[in-house]
Asker: 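Below are the structure tokens for one structure; questions will follow.
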Amino acid sequence: MDQHTLFRAIPGVDETKQSLLAYDPSLAHCPRESLRTLIAEYWEGQRARIRAGKLSDPERLALARHLPLLGQFLRERLAPRLKKVINATGVVVHTNLGRSVLSAEAQAAVALAAGGYCNLELDLRQGSRGSRYSLVEELLQTLTGAEAALVVNNNAAAVMLMLDTFCQGYEVIVSRGELVEIGGSFRIPAVMAKSGAILKEVGATNRTHLFDYAEAIGEKTRALMRVHTSNFRVVGFHARVELSQLAELAHNNGLLLLEDLGSGSLIRFEEAGLPGEPTVQETIAQGADLVCFSGDKVLGGPQAGIVVGKAELIAQMKKNQLARALRCDKLCYAALEATLRAYREPDQAKTQIPTLRRILMTKAELKARAEALLEMLTEAVGERFLLGLKEDVSRVGGGAFPQYDLPTWLVTLKPRAFSALALKKALLATTPPLLGRLEEDAFCLDPRTLEPCDEALLAQVLTQAWEKARLAR
Ligand SMILES: *Cc1c(COP(=O)(O)O)cnc(C)c1O
């Protein structure tokens, strides 16, 4: 059969559209133009198969045969691109999966701010124009002990704004052990260059001493800066200068001490077996002039960059034109305020804020949840998957506590008809997609990051993936 005859056998767009809407009336809600464009795109795919010699029987172009596939194609292409996914990876602050899940209180505050007008820039006491900056400033002062605070779009923006405001054309001294790259192309040297600050590296990769900083101070020095090494960990022979010593050195020389805490936390996590990293309030107490950190990492709130510190410095940052470009919107403030309010009672924060609750989950609690999941899944999908339990570790993620283990229990799944890798791939296309971990020859679910509502979906999602992976073979 020659290709032209085959091409002519492809049904027209209008004919296809009519048959498809009769076959699947729910598609009538789709935007008309998208429907036409996508139908044309679908048939273009079949044309390509003809050209490649993969389709040579005109029978196989019969419209009726294509309606189910077309329906599926359209539904997938017309679905929103940002979707809910189930996180069974055990990585609590997963940057690819949107970092922190908001507390119920923060979700409600966002819904309220999104669905109506609010006093974002209105001072209700004076009845005059107010500043969005003041919405969470008092809370941040109380929680961190800092004189003042400012919130911007994210922590990268916070670092940029600090350097741009105070260090343009001046030298900033940073230890060579802290010139880090954070995932997603945030590199301290590059950010410095962009802000116009001049990076002065001191010390060695593994060890930097107070005298290294002292010797590097010169005419053009404006600040000493410390950067949390976030996503990597230096072990073995290494040394870092105490913050209080750096503060003394900076202030004796009329310099600023800036600290990029990265994840930044308002509570300590020793009870979860994590190292006692200094909190934001401790960093302020030790003499840092400005401290910045992310809102959506361990803090457990929305994407934001929070800067706390000396009042006169924060005031200068607020006046910088760049601050206007980096400001947050009302949804961010709504979520951030609700998140920060929970911290007024640390015990309340630990139960209300999902990120904290997940980091602090005990091994016994995780074991009980894994056992319950195992029982439920064995009942529902045991014929298709070989199920088991396994002791393992979860991670905080988001560059916080790198390489530190949080003990957990995993539910392991081995598909009886195909590989665990094929299951992992098929689970990316389920509704909702499910992300887990592939360990040896099993696909694993970590209950630490599963929402209660996700657990109810697991059996259904696994069944969908099983069908898909079996068909794909
Ligand atoms: C994560 C991180 C950043 C970037 O923070 P975002 O909120 O993602 O912009 C900057 N510095 C350090 C040390 C970090 O860990």
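Note that ligands are numbered from 1 as they come in the structure, with each ligand's atoms numbered from 1 the same way. Along the sequence shown, residues carry numbers from 1.
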Asker: Would you say His228 and ligand 1 have an N/O pair spaced under 3.5 Å apart?
Answerer: no
Asker: Can you tell whether the side chains of Asp441 and Lys414 come within less than 4.0 Å, N to carboxylate O?
Answerer: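 Between Lys414 and Asp441 there is a salt bridge, with a charged N closer than 4.0 Å to a carboxylate O.
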Asker: Could you establish whether Glu181 and ligand 1 come within less than 4.0 Å of each other, counting only heavy atoms on the residue side?
Answerer: no
Asker: Is Arg132 paired with Glu121 through a side-chain N to carboxylate O contact shorter than 4.0 Å?
Answerer: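 Counted as a salt bridge, because a side-chain N and a carboxylate O are separated by less than 4.0 Å.
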Asker: Can you tell whether the side chains of Glu270 and Arg268 come within less than 4.0 Å, N to carboxylate O?
Answerer: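 Looking at Glu270 and Arg268, the cut-off is met.
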Asker: For ligand 1, indicate whether the residue Arg99 contacts it via side chain, backbone, both or neither (heavy-atom separation under 4.0 Å).
Answerer: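 Just the side chain.
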Asker: With a 6.0 Å cut-off (strictly less than), is the heavy-atom count around CD of Glu467, excluding the residue itself, greater than 12?
Answerer: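 Yes.
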Asker: Based purely on interatomic distance, does Val159 place a nitrogen or oxygen under 3.5 Å from a nitrogen or oxygen of ligand 1?
Answerer: no
Asker: Salt-bridge test for Arg437 and Asp392: reply yes if a basic N is under 4.0 Å from a carboxylate O, no otherwise.
Answerer: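 Between Asp392 and Arg437 there is a salt bridge, with a charged N closer than 4.0 Å to a carboxylate O.
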Asker: Below 4.0 angstrom from a heavy atom of Ser294, which ligand 1 atoms are there? Numbered from 1 as shown, please.
Answerer: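 Ligand 1 atoms under the 4.0 Å threshold to Ser294: 5 (O), 6 (P), 7 (O).
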Asker: Identify, by atom number and element, the atoms of ligand 1 in contact range of Ala156, meaning under 4.0 Å from any of its heavy atoms.
Answerer: 4 (C), 5 (O), 6 (P), 9 (O)
Asker: Any idea which atoms of ligand 1 are less than 4.0 Å away from a heavy-atom of Asp260?
Answerer: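 Reading through ligand 1 atom by atom, the close ones are 10 (C), 11 (N), 12 (C), 13 (C).
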Asker: Mind checking whether Lys297 contacts ligand 1 via backbone (N, CA, C, O), side chain (CB onward), both or neither, at a 4.0 Å heavy-atom cut-off?
Answerer: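 Only the side chain of Lys297 comes within reach of ligand 1.
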